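Only one structure is covered here, and it is reproduced in the block below.
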Amino acid sequence: MQPRELIPDIFCVGAIDWDRRLFDSLIPLPDGTSYNSYLVKGKEKTALIDTVDPPKTDILEANLQAMDIKTIDYIITHHAEQDHSGALPRILEKYPEAKAVCTPRCKELLASLLAISEDRIVTVEDKESISLGGKTLEFIHFPWVHWPETMLSYLKEDRILFPCDLFGAHLAASDLYVTDEGQAYESAKRYYAEIMMPFRTNIQKSWPKLDGYTIDMIAPSHGPIHRKPEFIMSAYKDWVFSEPKNTVVLPYISMHGSTRMMVNHLVEAIMGNGVTVKQFDLTVTDIGKLAMELVDAATIVLGVPTVLAGAHPNAIYAAFLANALKPKAKFAAIIGSYGWGGKAVEQLTGLIPNLKVEVLGTVLCKGLPQEADYKALDELAANIARKHQEAGIK
Ligand code: FEO
């Protein structure tokens, strides 16, 4: 990979990770990712904005070498997570005059995660700036997107926002800029759902800090660069601030078909009530897809059979995940089947304290669903539609 110029004196020198398929040993990456590192050359000083994931350090080094960069004065370290700071120790070693620039909270994390010594770090306060000579970087503290220490940078003269993970996308692409807005939207929404959604209220609190900036370009640390900032910013405004939409997400699992029969019936009934529904079989579901649908859903219905005297473990995983992602759903319900008894409902409801939902009830059947069970599912579907309407959800 070669350095790529954004505009004169600003280059992308990071790495594309085409083949990565899992992040945090948890999150599927169907389209790979990138670790964007940017070099900003002022008249007097040079700054590197973020580094790369440790296995890609050689690429970053080779790019700097290809540009014949002899001196780096600052390594702007927005975020201590290793996919951006992992190459920092090697770059600090190679450029002994360089200082890592970060928030005070990030300094602690760089010491504990990467053993960076204090004398190699300069901390900056919110709104503080440094001049590189004709290029001024202003730092905007933006905690909890998605770690507590994170900041963004704004390059005043060129009106470029470098937001690190915020507005990012796990998308490996040879194009420097967004070219396919549909794909960019899908990747950014998946990223938001998996990484940022649990911190939605924190983003809401910090969002007004961006109001005073004229932004011509957004250069995140994952995925392509946005030359139309309003595209990604309006998508985020919708995900972060809007009320949920008239949608039900229905993750389920079925062992011998009874729960599946209930799910099939309920999906038809929900559709019949004019509500959008998304069905996910948890034995084959990409959890990223499920997370994306949770961004907008007003209601979550979990379909679960009883096994080993409790809820099926895959349903427990889905409930745990939904609780961790803290979507803005307002309603929830549980449906499913059992052979002779069990504590599936108690188990599942105990797993979702973070979901601020009104529970619309449970429909459990013994063995195969009977007429009364189907009637209860019809009533649940009608109740969901009514509750959405009463809550003004469109
Ligand atoms: Fe892309 Fe939170 O690291």
Side-chain angles (χ1 to χ4, degrees), residues 12-38 48-57 59-60 75-91 100-103 105-114 116 139-153 161-173 178 184 186-200 202-203 206 218-226 232 236 239-240 287-288 291-292 321 324-326:
C12 186
V13 291
I16 301 171
D17 199 340
W18 296 99
D19 300 330
R20 189 160 183 179
R21 286 293 173 268
L22 205 56
F23 198 86
D24 289 343
S25 299
L26 171 69
I27 296 167
L29 303 183
D31 301 311
T33 190
S34 66
Y35 319 107
N36 301 342
S37 173
Y38 301 97
L48 184 68
I49 296 181
D50 289 324
T51 68
V52 295
D53 204 38
K56 299 293 181 189
T57 305
I59 292 175
L60 173 58
I75 305 170
I76 311 304
T77 307
H78 288 128
H79 176 31
E81 192 168 9
Q82 291 89 335
D83 53 326
H84 308 292
S85 67
L88 183 59
R90 177 98 71 94
I91 302 300
V101 176
C102 64
T103 64
R105 190 81 192 266
C106 187
K107 181 179 177 179
E108 295 166 26
L109 288 172
L110 292 179
S112 64
L113 296 175
L114 295 160
I116 308 288
F139 306 108
I140 308 162
H141 286 205
F142 220 90
W144 293 111
V145 287
H146 58 123
W147 279 23
E149 85 302 8
T150 313
M151 67 176 188
L152 328 180
S153 296
L161 182 71
F162 297 95
C164 197
D165 279 340
L166 188 68
F167 305 131
H170 282 313
L171 176 61
V178 170
E186 172 101 3
S187 298
K189 188 171 186 180
R190 174 186 278 268
Y191 189 87
Y192 168 82
E194 294 166 337
I195 308 287
M196 297 292 168
M197 184 158 66
F199 306 97
R200 189 166 53 90
N202 301 87
I203 299 173
S206 292
I218 291 180
S221 294
H222 295 292
I225 296 167
H226 295 274
I232 189 65
Y236 257 72
W239 303 333
V240 170
I287 59 165
M292 281 171 71
L321 188 68
L325 293 175
K326 298 184 187 169

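Being a predicted model, the structure only gives us computed values, none of them experimental. In listed order, ligands and their atoms are each counted from 1.
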Donor-acceptor under 3.5 Å (Y192 side chain, A169 main chain): no

Rounded to the nearest 0.5 angstrom, the CD1-CZ distance for I218 and F167 is 5.0 Å

Is any side-chain heavy atom of V145 closer than 4.5 Å to one of I203? yes

Atom 1 (Fe) of ligand 1 - number of protein N/O/S atoms closer than 2.8 Å: 4

Between S37 and D50, is there a donor-acceptor pair closer than 3.5 Å when you use the side chain of the first and the backbone of the second? yes

Does the ring center of H170 lie less than 6.0 Å from the ring center of F23? yes

Any idea how H79 and H84 line up, ring-wise: parallel (<30°), tilted (30 to 60°), or perpendicular (>60°)? tilted

